[in-house]
Every structure is written in structure tokens, then in C-alpha cells.
Amino acid sequence: MQDRYDFKAIEGKWQKIWADENAFRTTEDYDKKKYYVLEMFPYPSGKLHMGHVRNYSIGDVIARFKKMDGYNVIHPMGWDSFGLPAENAAIKHGIHPFVWTNDNINDMHNQLNSLGLSYDWDREVATCKPDYYKWMQWIFIQFYKKGLAYKKDQAVNWCPDCQTVLANEQVVDGCCERCKTPVTKKYLSQWYLKITEYADRLLNNLDTLPGWPDKVKTMQKNWIGRSEGAEVSFKIDGTDKDLVVYTTRPDTLFGVTYMVLSPEHPYVKELTAGTEYEEAVNAYVAEAARKSEIERTSLTKEKTGEFIGYYCVNPVNGKKVPIYISDYVMMDYGTGAIMAVPAHDQRDFDFAKVFGLDIIPVVDVPDVDLDNLQEAAVAEGTMINSGQFTGMNNREAIKEIIKWLEAEGIGKKTVNYKLRDWLISRQRYWGTPIPMVYCEECGWVPEKEENLPVLLPTDVKFTGKGDSPLTTSETFKDTVCPCCGKPAHREIDTMDTFLDSSWYFLRYCDAKNDKLVFDSKKVNYWMNVDQYIGGVEHAILHLMYARFFQMVMYDLGLCEYEEPFKNLLTQGMVIKDGAKMSKSLGNVVSPAEIQDKYGADTARLFILFAAPPEKELDWSDDGVAGSYRFLCRVYTLIYDYITKIKGDTTEFGKIEIRNEADKKLNYKINATVKKVSEDVGGRFNFNTAISSIMELVNEMYKYKSNAEMNLPLFNDAITKLLIVLNPFVPHITEELWAELGHEDRLYQVTSWPEFDESALVLDEVEIIVQINGKLKDKLVLPNNTDKEVVEAAAKGLEKIKAELDGKELVKSIVVPNKIVNFVVR
RNA sequence: GCCGGAGUGACGGAAUUGGUAGACGUAGGGGACUUAAAAUCCCCCGAUAGAAAUAUCGUACCGGUUCGAGUCCGGUCUCCGGUACCA
């Protein structure tokens, strides 16, 4: 046996053995309890960073622990391999995206293996491969058949410099992520998925997910943005048109002093065409369209607008109020038009101040001077100036006014969401082709399922300019209509890559199936994901899309769970010197560099030890060295045991506790097993689990040098130490396990140690003695000593005697085995 | 602005139901071993006063509940994250 910890040799040796033995392959065993551990699969950029290492180390500890704890564990890995970087590499360097991506996948696969992660590689998927995107297309067609996919014209994010549509996630603070140009809007015909139809379910089901962080649930709740209110119809004076507005404050209907349309509202053109207002209004509309997203949504900006020459009639009091257009009203929320109540809405108040419009209070809010409003009064209050509703509490009035509107047929109760339908078209090459065909006769028709996959053509030019790259293919666009057989053409946009990642966890359950998207029996066995782990940056997008997909799959009868992820752990960022690791800051520490210097086990151990998983992790080079030192200590301890203590012993016999030192060590062994079981199995506090193992090792060193060796006991300590340490640092523990002469592999051990509760019962306990809640002295007494005896013993202490002398003892509190508190005056 | 979360030694962090604040690790100090250094091992390490025993203070700040508060309640400040003209 090597006398020093040669991590390079050890890690290389075991990685090869695990690969040769296909050590982490799992199969369905329908009688066995399963556990699904999933880490968010990476985009194959080519290089693993510390965030990945953290993510996968957390998952690996859980997977290895659950396996040892007797579960049938599925722990898969794959590649979210469609996306922009591959295409940019093609534009820049002329490498085909497929080649670039494949090389990266191979590199990263090796990097993952070099960390000793326990993946079942037989289940590997790559979203850019036809055997995956074939089923992506199949799913899209199911959505289409269910009426959940549709095409429509709408304004989308457009980067004028890159000449392309951008995904929402590529718009950062209103600017293009690549070239920093402010993003504008452009009208394009695009495919959408009807996620809004699932808004209520997506919202309500959040309550069925106690294993999700509240933070993420709140973020989704806000994103869905449900609000209750009413639609109210206003007659436009001198026309036969009605203007419908949405409001959450129907109680303020009597305070309406003007109306506002969004500049994009269809009525704007219709009403102003040929009037004296047309020119000014058109100029305003053009200006609004020209404005970037940041300019338009800037809060500090003064309100602007134009009168369009028409008036509405307020249905509650017959009052005529002017109609304006303003860019503070958005076309894509509510009805694109509002009733303005400046007395009770700050934006309306600001607008009214600029245009000199009336401000009429209709809710008397306590402690507000209604005759001299400095800002909108938004709080609760009593209705005034509101006809039959005057005198009511305004919350009450909301319900009553809605009732009245419905009875009169001029309004109705309405629920609105901020959530929009999901725009999934991309003018990109490197994504799943949308399997739809346009026929002059039949319109949009899905490709026949037997013709799937619709393959990505290879004869495409990558320029980064102009239309979708697929238009440059000679072979792709022209086809025949799946319906009538006449010449037709294919959709040339590809799918948002977020679709690919919305169901990959289902495909893992049956990754090789070429007949079906997956076998429902397998999916129903493995799903849902027991523990999902990933960065909080996916809190809304990916985690909501995946929930949406799962619900649709459920509705299609493909699986029996409505929610994909039972428990969610959002790991914190890895930072250094107070900032996120980034090239521009020059504070990047590469995993390869650490693995080279200290090994994968050290990297894993440090990253799990330095902070609890959901917190930010502050990278410290000294801290890494400390973790390495600990592993050297473990190695040396067991090396000494094997070479100097154990000798040729193979049968250890029954453990007998002979003395205090034995008892202390036995206590520590059991306390450590208990602590690690709870911290890893329950609350995922790996940092405290590791610290307790460090304490055990410290204790074992002390025992080894000071106590008379009890070989069976010490052997028990060694065995359990290796088992509880294994999920964190699999290589060194596997090596030492083999050196100890075990025939089986440590990764095959499926009996997590039990702890002996009786070993944790101490003969004597330390009891704290307080005067008025302040620690004064300590007392050592037999376990479970009677209250009276404890109190008497405490009173007998010299210090306590002195403290009590001459004072009145008001009360004594005795908490068995813990504390005595004397209250004195 | 609104919605979350967090403030504990020099630093990362412990303290799981209200019961010894600072486990474990890092940095620092001292010692052993060594010709020396590294490595390793041992001891000390919240602040103030004191030679020490010890005393007082101490978990962002102010107040409250309690025999007892890092932990519970009310208020304030700071930092971080999300979101934002959503009617």
C-alpha cells in the first residue's frame, strides 16, 4: 500500500473500474422503492465551471447516499445541446454546429467522469440528436392537435443590429445580450404555445409542492400575476363603438375623468382616420413604436399622450370623458385600454397633472386630505360621490358594482394574468425544426407522424444576417402537403430550446425507445423526480415550462403525475472575492486546475463543506487546501491502521466496550452516523455532515494515540467512517475499502449503517447552572437525575451558595439533563 | 415602488423544538520534530479589564414577551435576489 495519498493514481484507477463495470446503471425494478435524483442538464459549452461542479456534487452525494440507503436510484445525465453558441461558432469559425457540439459533448462527458459522478450513462440524451428531437416534434404535434399550439402575428423582441428575433432570456435590461443594442418590437407571424390556458393550474398546484423553496414559488406566483377585476364597457360618443376596459378597481368607476388607449389599440387608427387629430396621433404612435423597451418602460419619465378627439360616456353617471392615447398603457395586458381614475391611481394622477385633467375622489381614505391631493389615494376607505354605492366600504362596493354591471349588461367579473402565451419560434438553425407544413389549400398542417423526424438539413449557410438559416437550404423548404399531397413548404423557423428541456426528465426514464416518446409504465415507475437540483436562475422560465409540459402530458394520458418535480433544491452561486466568477473580473478558478492540484475528491469535499447548498459559496484557495489536508489525514489514519495496527486480523469478533475511552469513541461513531444520516438524508446540510465526520476523525486520532487499542471497536469506526464519507469523496474511500481487504466494492454496499441509540445515552451529563438566566457554574450528574436532586446539587455549589446568600430565591427552573435556573431578587 | 431572503469572531460558517453563542474549517499566535525549511503533530485564538482566577459586555439597531431570546413579537437600518407604467 502506498504510504501517501496519491489522488491521481487512485482517481484514475477507480474511474476506469466504474466505467468498465458500468457501475451506475439502473434498471426498473417494480417491486423496489425508487428514487429519482436529477441535476439540470448542461449546455455543452465545452468547459465545466465551478457552478456545474457544485450542482453535480450535490446531486451525486444524494444519489450515492440514497443508493446505499437501499433505494433503486436513477441518476441520469444528458445535454441541452441545441442553442445559439453552436451557431455563433459556425458563423465565426465556419465549424458546423453539429461538429462543434459533438466535440464539446465528448469533452464534457470526460470532465464529468473525472469528477467521479455516478451517472447511468446508458440513459444519456442529447437534445440535438434526431432520436431525441423526433419525439420533440411528436410532442409538438400533440400540442397542436389539442389546440395548444397556434400561429399568430404579434410584436416580438427584435435586435436591429443582429437583424434577428431574440428570445426573452436574450433580452437583458432591454438590450440585446450579444451586441448591447436596445431591443425594439417587430411584427412577425410566430408559433405560440397556450401556456395561459394552464395559468390557474400552474398557480394553484404550487400549493401542492411543499418540497419547493418558497422563494421560487413566490417568483412563479408573481410571474403568473393573477388579478381579479372587471371588464367595463363604455360607449364612445358619436359612434356605434363600445370601448371595453379592464380594471381591478371597479369601485372607482364614479371617479373616471378620462380614458386611455394603448398606441397600438386598433381603435386609434379607426377613430382618427381623416380627422384633424390624425396627424398628431400618428406621430405619437410612430414615436412609441420607435422607442426601445427601456425608454418606454422607464418609470422616471414624464407621462406623454395625445387627445384623439372622441369622448366616452361613463355608464354609471352619463358623464362624458375625453379619450387619450398614451404609451403607459400596454396593448398586451387586459384589453389595451383603461379607464383613468387619477384620484386613486398614481399613474393616472401623474398623467392628469400633465394634461390638466379633473381629479375626482370617490373613496374617502382615512388621514388623507381629499381636497388637496398630493398623490393618488390608493388605500381602503368609504365610498363618496358614488350614487347608490356611497357610504359603503370600497372593498364591499367592488362586489356590488360588479353585480350591478352584470345586471345592466355593461360589464362582468374578469380574471387577468400577466403570464403570456409562450412564443416558441426562433429564426435560427440549431434547434428542433417545427414539424409544420403550409399548403395553399389546407393551411398549416402537421407533418405525418411516420415522416418524423423532420431532419435539420446540412446544406445551410451561416451568415448571422437575414432570414432564418433554413431558407438557404436547397432541400428543406419544398415538400408536399401531408393532407392533400400538393406542393407545399415547411415552416423554416426552429423551436425555442426551452421546449427541449421541458421533458428530458421523462425521456431519461426510457431513453432508447424508438417506438414511443416513452413507455408510460417506466415513466410512472420513475417519476416524479424526487430531488431536482439546479440554479435559481431557472426559477421561472425552465421550471414553469417543465411544469406546463408535465400537465399537458398528464392530460394526454401519458403519465400519472401532474407535477414533475417533488422536491427542488436551488443551489447558490459560486463567488470569489465577493463577485461571481467571470472572465472579465479575472477571478475564475477552473475545476481542472483544482483537480490537477488536489484531485476531484478534494474539489467535491470543499465545495460541499464551505457552505450549505442553497447559499452563495465563497471560493477560498486556503479552504481547498484544508479539505485536502483532511483527506490526507483520513488516508494516513487508515494506512497506519492497516500497516501497524490491524496486522493479519480478518475476524474481529464482538465489540466490547471496556472503558471510558471505548465508550467515548463508540459514542462518537454512533453520533456521527446519526448526524450524517439526518443531514444528508433529510435537510441537505452537507457542510455540517462533513464537519461531524471531521470530528470523528479527530476523535479516532486521539483514541489511537492515547487509548488502549480495542481492535473490533476501532475497526467498526474505520468501516463506518468510509461508508459515511463515501458519498462525498467516492475515490479515496473506494480505494481504502479495497485496501482493507473487502471483496465487494464500496459502491455496491447498499446498507447504510444504523446507529445504536443506546450508545448515545451518556452515563453522566453536564448541567448548566444559571442565576437569573446567566451562566454561573456547571454540574456533572448521572443521566436522568431527579429534578429535586439536581436542584439540591446546584444549591450545594460554592459559587451558587455565594450568589444566593442574602438574596430571596423567587423561583427555580429545572430542565432535566440540561439546565437549572435560580431566579433571585 | 412592490415581493422575497439575509445580517453571528479576522474569514467561510455551526447552534435542528426558546435552554452553555461561536461546532467544524481557514487565517493568525505559540510549541514539538528538523542542520534548516516544508510537511506533520500538540496547544491558544469574540471584545474589554486583569499577572491570573475571574468579572462585565457581546449574534445589525431600538423596544417587547419570557425564569431564560441568535432563535418569538413590533419597529428601524443595511445588504442581496426577483420584478416593475400589469390598470
Side-chain angles (χ1 to χ4, degrees), chain A residues 4 213-223 225-227 229-230 245-249 252 260 262 296-301 303 326-330 332-341 344-348 350-351 416-420 536-537 539-540 570 572-573 605-606 609-612 614-627 629-630 632-633 636 675 678-679 682-683 685 687-698 701-702 705 766-778 799 810-815 817-824:
Chain A
R4 45 165 270 279
D214 288 336
K215 181 184 176 176
V216 173
K217 287 193 277 189
T218 307
M219 280 165 74
Q220 292 208 358
K221 222 169 255 181
N222 293 338
W223 188 265
R226 185 181 196 274
S227 74
V245 300
Y246 173 73
T247 178
T248 53
R249 293 291 304 273
T252 62
V260 188
S262 159
R296 184 158 171 181
T297 56
S298 157
L299 261 181
T300 49
K301 180 190 80 147
K303 294 278 182 287
S326 175
D327 62 4
Y328 84 86
V329 175
M330 305 294 145
D332 57 0
Y333 184 76
T335 63
I338 62 156
M339 59 177 224
V341 187
H344 302 293
D345 181 285
Q346 192 56 43
R347 292 151 304 177
D348 297 346
D350 296 341
F351 188 91
N416 245 301
Y417 300 91
K418 289 187 200 174
L419 184 70
R420 304 291 145 71
V536 74
E537 67 273 17
I540 295 167
T570 52
M573 276 193 308
L605 186 71
F606 171 73
F609 176 63
E614 60 292 334
K615 271 190 101 162
E616 270 187 352
L617 185 146
D618 201 354
W619 187 268
S620 145
D621 292 330
D622 287 332
V624 180
S627 292
R629 263 200 292 277
F630 170 71
C632 290
R633 263 167 79 77
T636 306
K675 175 88 178 143
E678 287 169 357
D679 284 354
R683 39 175 223 162
N685 279 12
N687 54 334
T688 50
I690 293 167
S691 75
S692 74
I693 298 172
M694 287 172 167
E695 287 181 58
L696 172 63
V697 170
N698 291 344
Y701 263 97
K702 269 185 204 145
S705 56
E766 193 180 58
I767 293 170
I768 302 311
V769 185
Q770 298 179 330
I771 302 283
N772 290 342
K774 290 201 173 174
L775 171 70
K776 291 293 171 190
D777 207 347
K778 295 171 187 178
K799 270 189 212 162
V810 183
K811 202 173 171 185
S812 325
I813 290 112
V814 181
V815 182
N817 288 344
K818 271 214 173 115
I819 207 162
V820 181
N821 188 15
F822 294 115
V823 187
V824 301

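These values consider heavy atoms only, across backbone and side chains, with no hydrogens, waters or symmetry-generated copies. Below, chains carry the letters A, B, ... as their sequence lines are ordered, and counting in each starts from 1.
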Visitor: Name all residues meeting the side-chain contact (heavy atoms from CB on, under 4.5 Å) criterion together with A/Asn698; count only those two or more places apart in sequence or in a different chain, and write none if there are none.
Guide: A/Arg633
Visitor: Suppose we screen for salt bridge (Lys or Arg N to Asp or Glu O under 4.0 Å). Which residues come up paired with A/Asp332, at least two apart in sequence or across chains?
Guide: A/Arg420
Visitor: It should be established whether A/Lys215 places a side-chain nitrogen or oxygen under 4.0 Å from OP1 or OP2 of nucleotide B/G5.
Guide: no
Visitor: Does the protein touch nucleotides 37-46 of chain B at the base, only the backbone, or not at all? Give it as B, S and - per nucleotide, heavy atoms under 4.0 Å.
Guide: ---SS-----
Visitor: Could you give the distance from OG1 (A/Thr688) to CD1 (A/Ile693), rounded to the nearest 0.5 Å?
Guide: 10.0 Å
Visitor: Report the residues that fulfil salt bridge (Lys or Arg N to Asp or Glu O under 4.0 Å) with A/Asp348, sequence neighbours left out, ordered by chain and then residue number.
Guide: none
Visitor: In terms of side-chain heavy atoms of A/Glu678, which of B/U16, B/U83, B/A87 is nearest?
Guide: B/U16
Visitor: Classify the nucleic acid contact of A/Arg420 as base, sugar-phosphate or nothing, counting any heavy atom under 4.0 Å across all strands shown.
Guide: base
Visitor: Using the test salt bridge (Lys or Arg N to Asp or Glu O under 4.0 Å), find all partners of A/Asp679 that sit at least two apart in sequence or belong to another chain.
Guide: A/Lys675, A/Arg683
Visitor: Sequence neighbours excluded, which residues qualify as salt bridge (Lys or Arg N to Asp or Glu O under 4.0 Å) partners of A/Glu766?
Guide: none
Visitor: Counting runs of three or more consecutive pairs, Watson-Crick or G-U wobble, with each distance below 3.5 Å, where are the stems of RNA chain B?
Guide: B:1-7 with B:77-83, B:10-12 with B:24-26, B:28-32 with B:40-44, B:46-49 with B:54-57, B:60-64 with B:72-76
Visitor: Restricting to side-chain contact (heavy atoms from CB on, under 4.5 Å), what partner residues turn up for A/Gln346, sequence neighbours left out?
Guide: A/Phe349, A/Asp350, A/Glu375, A/Ala376
Visitor: Distances under 3.5 Å between protein N/O atoms and the N/O atoms of nucleotides 18-23 of chain B, please, pair by pair.
Guide:
residue : atom : partner  : partner atom : Å
B/G19   : N2   : A/Gln770 : OE1          : 3.4
B/U20   : O2   : A/Lys778 : NZ           : 3.2
B/U20   : N3   : A/Glu766 : OE1          : 3.2
B/U20   : O4   : A/Glu766 : OE1          : 3.1
B/A23   : O2'  : A/Glu695 : OE2          : 3.1

Visitor: At under 4.0 Å, does any side-chain N or O of A/Tyr246 touch on OP1 or OP2 of B/A87?
Guide: no
Visitor: Regarding A/Lys675, tell me which of base, sugar-phosphate or nothing describes its non-hydrogen contacts under 4.0 Å with the strands shown.
Guide: base
Visitor: Among all residues two or more places apart in sequence or in another chain, which pass the side-chain hydrogen bond (donor to acceptor under 3.5 Å, both in side chains) test with A/Gln220?
Guide: A/Arg547
Visitor: Output all residues satisfying side-chain contact (heavy atoms from CB on, under 4.5 Å) with A/Lys702, sequence neighbours left out; order by chain, then residue number.
Guide: A/Asn706
Visitor: With sequence neighbours excluded, what pairs up with A/Ile540 under the side-chain contact (heavy atoms from CB on, under 4.5 Å) test?
Guide: A/Met219, A/Trp223, A/Met544
